Number of protein chains: 2
Amino acid sequence: MERESLDQLTRRNVRTVEARRDVIREGERPRAVNVVLEGWACRYKQLPDGRRQVVSFFVPGDFCDANVFILKQMDHSIGAITRVRIAEITPEDFQGLMDRSQRVTQALWWHELVDAAISREWTANIGQRTAYERIAHLLCELFLRLEAVGLSRNCKVDFPLTQTDLADATGLTAVHVNRTLQELRRDGLIELHGRVLIIPDLARLQDVAMFNSNYLHLEHEGRHLDAND
Amino acid sequence: MERESLDQLTRRNVRTVEARRDVIREGERPRAVNVVLEGWACRYKQLPDGRRQVVSFFVPGDFCDANVFILKQMDHSIGAITRVRIAEITPEDFQGLMDRSQRVTQALWWHELVDAAISREWTANIGQRTAYERIAHLLCELFLRLEAVGLSRNCKVDFPLTQTDLADATGLTAVHVNRTLQELRRDGLIELHGRVLIIPDLARLQDVAMFNSNYLHLEHEGRHLDAND
DNA sequence: CGGGTAATTGACCCGGGTCAACAGCAGTGG
DNA sequence: CCACTGCTGTTGACCCGGGTCAATTACCCG
């Protein structure tokens with residue numbers, strides 16, 4: 001039942017944003033809760049001098065901040081990586097959703113908590129790991145998240161990020177990402193060509209990345225209320 | 001009225017944790033929402049090989065994750081920096097709090113959103129800024145947060161972090177933090193001796209740090225329901 | 001086939017890490 | 001009152017992971 005009311009809302013206001021365009025920009029007033037239905041997007045922050053940091057990726061099923069509209073303005077931008085289809089849920093609809101069902105509210109809190117956990121993991125990733133471990137870690141995370149929403153097929157996922165995207169997300173330069181990806185390939189940990197990523201032995205990749213999936217909290221029932229699963 | 005019911009809850013189960021002890025450890029099941037009443041604490045994550053990343057600091061008034069008990073286990077630890085007094089709010093009380101008042105619920109969401117925003121800012125800070133900018137940025141943030149809860153007095157705040165804490169929070173080594181603090185002192189941007197931090201000209205420090213306070217969302221009313229203000 | 005984006009390579013450099021010694025100072029116990 | 005211990009801060013010498021700059025080389029798409 002909750003499933004259905006959510007589905008309904010995500011069908012109402014759908015818009016499409018072209019690849020490499022912004023969904024919403026830092027400084028703007030958030031109008032709605034965005035749900036990514038299709039495609040990839042990212043949050044990013046930009047320093048006055050142009051340096052750019054991607055602070056999270058959105059894959060299908062992800063919410064961009066339940067309740068953002070509580071805040072007066074965006075403190076970061078959301079950009080489309082590929083062309084994305086995005087559902088906008090108005091504050092009223094969103095409130096209604098939470099009023100109607102305790103379970104949906106729980107699921108939304110769950111999603112927020114996981115989102116926060118991912119963000120902290122990124123901080124630790126960038127702060128402590130070497131380039132090699134760091135990229136391996138990010139790939140593990142993305143792979144598992146895609147798998148969780150049914151977007152993997154025998155160790156293979158669609159992977160639209162450029163090396164520049166990876167660089168902006170890991171705090172490295174594109175040149176160094178390039179070299180590091182080559183090492184990962186050479187070591188047989190990944191296959192990455194064009195838009196396809198293959199991780200032949202996830203356990204091994206997790207190992208070198210010191211990846212512990214606990215922060216994704218994949219076992220909880222709450223996740224089954226995600227927009228896509 | 002909401003103010004009072006919250007105050008009441010934070011008086012009920014208070015415990016004290018000594019400096020440098022853990023409040024709760026990664027892997028444990030979260031039992032309650034923790035509110036820091038007094039002292040400083042931090043969240044941190046530790047890699048299997050010992051590298052440690054502090055992913056946030058808690059100062060008086062801060063909530064450690066509304067609703068954490070939704071999750072099955074902690075994906076990080078919370079450690080006391082100084083001796084801290086912490087109120088534990090049980091899941092039931094917490095739920096009651098939210099059921100009783102829409103405004104409190106909003107304030108809690110506000111707090112979660114700000115917490116997430118801070119976490120993202122840290123990611124960007126570590127990913128993009130130089131050591132000098134990075135430390136300056138962290139000091140700006142902490143100063144403003146302390147000010148917001150009334151813990152500053154003419155440009156001066158109590159500052160119990162060691163250089164090792166700063167190192168773990170910024171992804172630098174303690175040695176380099178030491179050298180960078182000396183530079184900041186030499187440039188007249190900070191005075192830091194013992195447990196006292198003085199920022200004679202905050203605007204100037206913000207400038208070199210490229211610090212934009214928007215992510216703290218200080219202007220919102222919601223913050224006035226924090227445990228300490 | 002032309003134009004643009006993304007990936008790759010090479011040469012060189014620097015911010016910050018590492019290692020190791022030492023200084024300052026608070027607490028503690030004799 | 002002083003020696004002892006342990007933590008925090010400081011300094012110096014040396015090194016390396018990753019950045020910078022600049023030129024190519026795929027690749028994709030119309």
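Keep in mind that the numbers below use all heavy atoms, side chains included, and drop hydrogens, waters and symmetry copies. Predicted model only: the values in this text are computed from it and were never measured. The sequence lines fix the lettering, A, B, ..., with proteins before strands; numbering per chain opens at 1.
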Between [X] and [Y], does any side-chain N to carboxylate O distance fall below 4.0 Å?
| X | Y | value |
| --- | --- | --- |
| R43(A) | D62(A) | no |
| K45(A) | E121(B) | yes |
| D115(A) | R120(B) | no |

Mind calculating the distance between [atom1] ([X]) and [atom2] ([N]) to the nearest angstrom?
| X | N | atom1 | atom2 | value |
| --- | --- | --- | --- | --- |
| L166(B) | dT8(D) | CG | C1' | 12 Å |
| R83(A) | dC29(D) | CZ | P | 13 Å |
| R186(A) | dT8(C) | CZ | P | 12 Å |
| I81(B) | dC7(D) | CD1 | C1' | 15 Å |
| L197(A) | dA7(C) | CG | C1' | 16 Å |
| L192(A) | dA6(C) | CG | P | 14 Å |

Side-chain donor-acceptor pairs of residues 188-205 of chain B under 3.5 Å, sequence neighbours excluded:
residue, atom, partner, partner atom, Å
R195(B), NH2, D158(B), OD2, 3.0
D201(B), OD1, A203(B), N, 3.4
D201(B), OD1, R204(B), N, 3.3
R204(B), NH2, D187(B), O, 3.4
R204(B), NH2, G188(B), O, 3.2

- request: Please work out which of the three classes, parallel, tilted or perpendicular, describes the rings of F159(A) and W40(A), given edges at 30° and 60°.
  value: perpendicular
query: Can you name the side chain to side chain donor-acceptor pair (under 3.5 Å) partners of R12(A), sequence neighbours left out?
result: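 Only D93(A) meet the side chain to side chain donor-acceptor pair (under 3.5 Å) criterion with R12(A).
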Test side chain to side chain donor-acceptor pair (under 3.5 Å) applied to E88(A) - qualifying residues, sequence neighbours left out: R15(A)
Can you check nucleotides 10-18 of chain D for protein contacts, nitrogen or oxygen pairs under 3.5 Å, and list what you find?
residue, atom, partner, partner atom, Å
dT10(D), OP2, Q163(B), NE2, 2.7
dT10(D), OP2, N178(B), ND2, 3.0
dT10(D), O5', N178(B), ND2, 3.3
dT11(D), OP2, Q182(B), OE1, 2.7
dT11(D), OP2, Q182(B), NE2, 2.8
dG12(D), N7, R179(B), NH2, 2.4
dG12(D), O6, R179(B), NH2, 3.3
dG18(D), OP1, A131(A), N, 2.9

- request: With sequence neighbours excluded, tell me which residues meet side chain to side chain contact (heavy atoms under 4.5 Å, CB included) with V54(A).
  value: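 Expected list: C42(A), Y44(A), R52(A), F57(A), W122(A), D168(A), A169(A).
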- prompt: For the helix from dC1(C)-dG30(D) to dG30(C)-dC1(D), what angle lies between the axis at the first five pairs and the axis at the last five pairs, to 10 degrees?
  reply: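 Rounded to the nearest 10 degrees, the bend comes out at 40°.
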